Each structure stands twice: as structure tokens, then as C-alpha cells.
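Right, one structure below, let's go through it.
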Amino acid sequence: MKTDILRQLASVLESRKQESPDSSYVASLYAKPDKMLEKIGEEAIETIIAAKNDDRDQIIYETADLWFHTLVMLAQKGLGPDDILDELGRRFGVSGHEEKASRS
């Protein structure tokens with residue numbers, strides 16, 4: 001199943017918490033939380049630009065970068081893809097208007 005790649009990646013990201021920032025890109029992001037959050041913003045903007053340009057390959061590439069950096073942030077916060085998938089499952093079948101209203 002394709003969601004397995006998210007779980008496998010989450011496992012690798014978790015293991016990078018033990019690595020030196022000099023030897024692992026992910027560990028370097030964990031060591032600099034502001035940089036990690038900046039990367040999410042940067043990748044979100046690049047994803048928007050790719051979508052605006054209607055460039056399918058770039059949309060896929062930039063969305064993968066965005067998901068990756070978001071997964072790094074989740075791991076740093078002690079969360080993982082299953083937490084997000086559970087929330088999406090909770091919302092499934094609920095009108096977007098109803099779900100938004102329930103948060104007010």
C-alpha cells in the first residue's frame with residue numbers, strides 16, 4: 001500500500017533524531033527548528049507557483065518536498081502520518097462547511 005511509504009519515511013525520520021546534524025540533513029533540521037519551519041513555507045510557495053504554472057511534474061516534485069518537510073516537523077513534534085490520516089478519516093464524509101463550523 002502506498003501509505004506504507006509514509007510510515008517507512010516516518011521511521012527513518014525518527015531514527016535521524018539520534019544522528020549528528022553534520023551527518024544528516026534531517027538531523028540538521030531538527031537542530032534548527034526555525035530553519036525547518038522556513039523550509040515548509042518555502043516548499044509551500046514553490047508548490048503554489050508550480051500549480052499556478054500548471055506544471056504537472058513540478059507540482060509533483062514540489063508537493064513531495066512539502067510533504068517531506070512537513071513530515072520532518074511532525075516527527076520533531078512527536079507526531080506522524082497516522083495522526084494526520086486519523087484526522088482526515090475523522091473528517092471523511094463530513095461536509096467541509098460543517099467541519100469548519102464545528103471548530104468555531
Side-chain angles (χ1 to χ4, degrees):
M1 183 171 222
K2 288 190 180 189
T3 54
D4 288 344
I5 191 69
L6 293 175
R7 291 182 183 101
Q8 291 171 3
L9 181 54
S11 177
V12 170
L13 296 176
E14 193 63 33
S15 73
R16 294 299 190 260
K17 290 180 179 179
Q18 312 308 316
E19 300 291 324
S20 164
D22 295 331
S23 66
S24 164
Y25 173 69
V26 171
S28 74
L29 292 174
Y30 289 145
K32 295 181 180 178
D34 286 349
K35 179 66 175 170
M36 174 186 56
L37 297 174
E38 288 172 14
K39 284 299 294 180
I40 293 171
E42 174 188 318
E43 300 305 342
I45 290 166
E46 290 173 355
T47 301
I48 291 166
I49 292 168
K52 187 171 174 67
N53 291 337
D54 204 25
D55 185 333
R56 183 181 186 282
D57 291 340
Q58 275 305 112
I59 292 168
I60 293 168
Y61 182 87
E62 297 301 345
T63 300
D65 281 352
L66 177 58
W67 285 19
F68 175 82
H69 287 89
T70 301
L71 287 167
V72 172
M73 180 269 304
L74 289 171
Q76 194 231 15
K77 300 296 183 185
L79 300 167
D82 286 338
D83 296 298
I84 307 310
L85 293 170
D86 289 347
E87 176 61 16
L88 290 172
R90 183 190 69 77
R91 294 180 188 186
F92 194 78
V94 176
S95 158
H97 294 299
E98 290 174 26
E99 195 283 325
K100 187 173 180 180
S102 74
R103 291 185 265 154
S104 333

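Count residues from 1 along the sequence. These figures come from a predicted structure and were not determined experimentally.
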Q: May I have the step-by-step check of side-chain contact (heavy atoms from CB on, under 4.5 Å) for I84 and L74, ending in yes or no?
A: CA-CA 9 Å; I84 307 310; L74 289 171; 3.7 Å; yes
**Q.** Pair E62-D55, side-chain contact (heavy atoms from CB on, under 4.5 Å): steps then yes or no
**A.** CA-CA 10 Å; E62 297 301 345; D55 185 333; over 6 Å; no
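Nearest heavy atom pair, residue L79 against residue D83, reads CA-OD2, 3.4 Å. For S28 against P21, the heavy-atom pair with the smallest separation is CB-O, 3.6 Å. Among all heavy-atom pairs drawn from A27 and E19, the shortest one is CB-O, 3.6 Å.
Here ring-ring contact (aromatic ring centres under 6.0 Å, His included) pairs that include residues 7-55, with residues two or more places apart or in two chains, are Y25-H69.
No option in I60, T63, D65 other than T63 meets the side-chain contact (heavy atoms from CB on, under 4.5 Å) test with T47. Of the residues K35, Q76, E38, the one that meets the side-chain contact (heavy atoms from CB on, under 4.5 Å) test with L29 is K35.
At a threshold of 4.5 Å between side-chain heavy atoms, the hydrophobic network of Ile, Leu, Val, Met, Phe, Trp and Tyr places Y61 and I5 in two separate groups.
Here CZ of R7 is found 12.5 Å from CG of L9. Values are rounded to the nearest 0.5 Å. The line from CG of L66 to CG of L71 is 9.5 Å long, rounded to the nearest 0.5 Å. Remark: L13 CG to S15 OG distance equals 7.5 Å, nearest 0.5 Å.
By the side-chain hydrogen bond (donor to acceptor under 3.5 Å, both in side chains) test, E42 is found to be paired with K39, residues two or more places apart in sequence or in another chain being considered.
Dense packing is recorded around CG of N53, with more than 12 heavy atoms of other residues, nucleotides or ligands lying under 6.0 Å away.
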